[in-house]
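What follows is a short report on a single structure.
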There are 2 protein chains.
Amino acid sequence: MTDIKTAANPLFLREEELRQGIEMLFFAYRDFTSEPDRILAEYDFGRAHHRVIYFVGRNPGLAVSELLDVLQITKQSLSRVLGQLVREGIVEQKPGTEDRRRRHLHLTTRGYELERRLTESQAARFARAYRAAGAEAVEGFRTVMQGLINERDRGRFDKRAGERAAVKAATGKPAARGRRD
Amino acid sequence: MTDIKTAANPLFLREEELRQGIEMLFFAYRDFTSEPDRILAEYDFGRAHHRVIYFVGRNPGLAVSELLDVLQITKQSLSRVLGQLVREGIVEQKPGTEDRRRRHLHLTTRGYELERRLTESQAARFARAYRAAGAEAVEGFRTVMQGLINERDRGRFDKRAGERAAVKAATGKPAARGRRD
DNA sequence: GTTTTTATGTCAGTCATGTTGACTTAATTC
DNA sequence: GAATTAAGTCAACATGACTGACATAAAAAC
């Protein structure tokens, strides 16, 4: 009987290879979020708070609408989380000087400290993995990851090493979003 | 005034590089799950159902306890989702012949069809990214991804190209799990 | 200068998916 | 026969999404 699952079968190898990719992403994401989850629990925050803290820390002065665009959630969902963060003194809102409708978000000192803890835990995981894998593997990793990301957000990871604002980088074309309010 | 954020500053580059890693994982996972989410909505299923369907499809005959171990959720959480899948004729349970306490999980024909649709959508994303990046980049990607995954599950992606059962692969050492019922 | 659009926020209700804790049943192991 | 294991159930609760409707203030368009 012919085994269609021998190493000689390129179709099977391809399927297996792709399935391993799918699974690696699942496990990596699961483990990647588990440490921050523990830190956040100390503050009674969840993963949703983390995302806000991260992106506000990364893009000080970010407007609410820009944050919604990055997170791809509704403003009602964001509102609860953001409201808590403001009340807990993690995030501050400053009305814009040019357009006073816009509220620009910043981390407070306390917020910055929490952001450091959270980011350091995830950065340490990347530092370990990058160091073990070597520069060439990291380049390959980046290339594949960008291919996995929708075109819409791929531009965030060009060759810019931090000079450009991280969010602004992608806001050239509006790019069809899901219906949101 | 000295700009500490110049390209000549290796510490900054490192931080930027690591932050980009964090963000790439966030965006990749967000986009990676968005297409299956749409398919699942047709069946009134969610992401939790997807994970069960995927791992049962990947490991036919998987026992409930093994599935719990992979998903790292409580049996109460699994039970609701699994119950729905059984009622909807997606998953079947067969009592073990050796140990009749164990319930081995399989996809039905209908379940297999849904699994194909879901996996194909994610596999297509990987195929595109892999093809665009090239074999060498894929190797680098795999290396870094494995470094990001906790040691506990790293073994799933050794060099085996599918001969071994995917779940069994990691169940050598028990490896401390969170408290579960 | 009135109207329209935009940015933001809010109230109310719902759903999906996770949690803890307590308990049951059946089968296997000691 | 007693203890352990695999699986499942009931109940209560938390988080973080969602939709829909409405409110306010500022800016932009006419």
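By convention in this document, chain letters (A, B, ...) are assigned in the order of the sequence lines, proteins followed by strands, and residues within each chain are numbered from 1.
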So how far off straight is the helix from C/dG1-D/dC30 to C/dC30-D/dG1, going by the axes through five pairs at either end, to 10°?
20°
In terms of ring plane angle, is the pair B/Y29 and A/Y29 parallel, tilted or perpendicular, where the classes change at 30° and 60°?
parallel
Salt bridge flag under 4.0 Å for residues A/R142 and B/E17:
no
Starting from C1' on D/dT15, measure out to CD on A/Q84 and report it in whole angstrom.
9 Å
Roughly how many Å is it from CG in B/D44 to P in C/dA16, rounded to a whole number?
7 Å
Look at B/S79 and D/dA7 and indicate whether a side-chain polar atom (N or O) is within less than 4.0 Å of OP1 or OP2.
no
One should read off an interatomic distance between B/F26 CZ and A/L71 CG, to the nearest 0.5 angstrom, of 5.5 Å
Do the side-chain N or O atoms of B/H49 get closer than 4.0 angstrom to the phosphate oxygens (OP1, OP2) of C/dT17?
yes
Rounded distance in Å - CG (B/L62) to P (D/dA7)
9 Å
Considering heavy-atom distances to DNA chain D, does A/R100 or A/G46 have its closest nucleotide positioned more toward the 5' end?
A/G46
Toward the 5' end of DNA chain D, which comes first, A/T97 or B/H104, by nearest nucleotide?
B/H104
When you measure only distances, ignoring hydrogens and angles, does the side chain of A/Q76 come within 3.5 Å of the base of C/dG13 through a donor and an acceptor?
no
In whole Å, what is the span from the CD1 atom of B/I73 to the C1' atom of C/dA16?
12 Å
Quick one: pull up OH in B/Y43 and CZ in B/R110 and give me the separation to the nearest 0.5 Å.
6.5 Å
Report the distance from atom CD of A/Q72 to atom C1' of D/dC18, rounded to the nearest whole Å.
15 Å
Any side-chain N or O of A/Q93 under 4.0 Å from OP1/OP2 of C/dT8?
no
Does D/dG8 have its OP1 or OP2 closer than 4.0 Å to a side-chain nitrogen or oxygen of B/R103?
yes
Consider side-chain contact (heavy atoms from CB on, under 4.5 Å). Of B/I39, B/V52, B/L114, B/L118, which one does B/F45 pass it with?
B/L114
Between P of D/dC18 and CZ of B/R38, the distance in whole Å:
14 Å
Between D/dT19 atom P and A/L68 atom CG, what is the distance in whole Å?
13 Å
Can you tell whether the side chains of A/R154 and B/D31 come within less than 4.0 Å, N to carboxylate O?
no
Indicate the ring-plane relationship of A/F157 and B/F27, choosing parallel, tilted or perpendicular according to the 30° and 60° boundaries.
perpendicular
Residue-phosphate contact under 4.0 Å: B/S77 side-chain N/O, C/dT17 OP1/OP2:
no
All N/O contacts under 3.5 Å from nucleotides 28-30 of chain D to the protein, with atom names and distances to one decimal?
none

Should A/E35 and A/R125 count as an ion pair when the cut-off is N to O under 4.0 Å?
yes
Report the distance from atom CG of A/D69 to atom P of C/dT8, rounded to the nearest whole Å.
12 Å
With hydrogens left out and only the distance checked, is there a donor-acceptor pair under 3.5 Å joining A/R80's side chain and the base of D/dG16?
yes
Quick one: which of D/dT9, C/dT17, D/dT19 gets closest to the side chain of A/T74?
D/dT19
In plain terms, say whether A/R103 and A/E92 are close enough for a salt bridge, that is, a side-chain N and a carboxylate O under 4.0 Å apart.
no
Any carboxylate oxygen within less than 4.0 angstrom of a Lys/Arg side-chain nitrogen, looking at A/E15 and A/R19?
yes
Of D/dC22, C/dG18, D/dA7, the nucleotide closest to the side chain of B/K75 is D/dA7
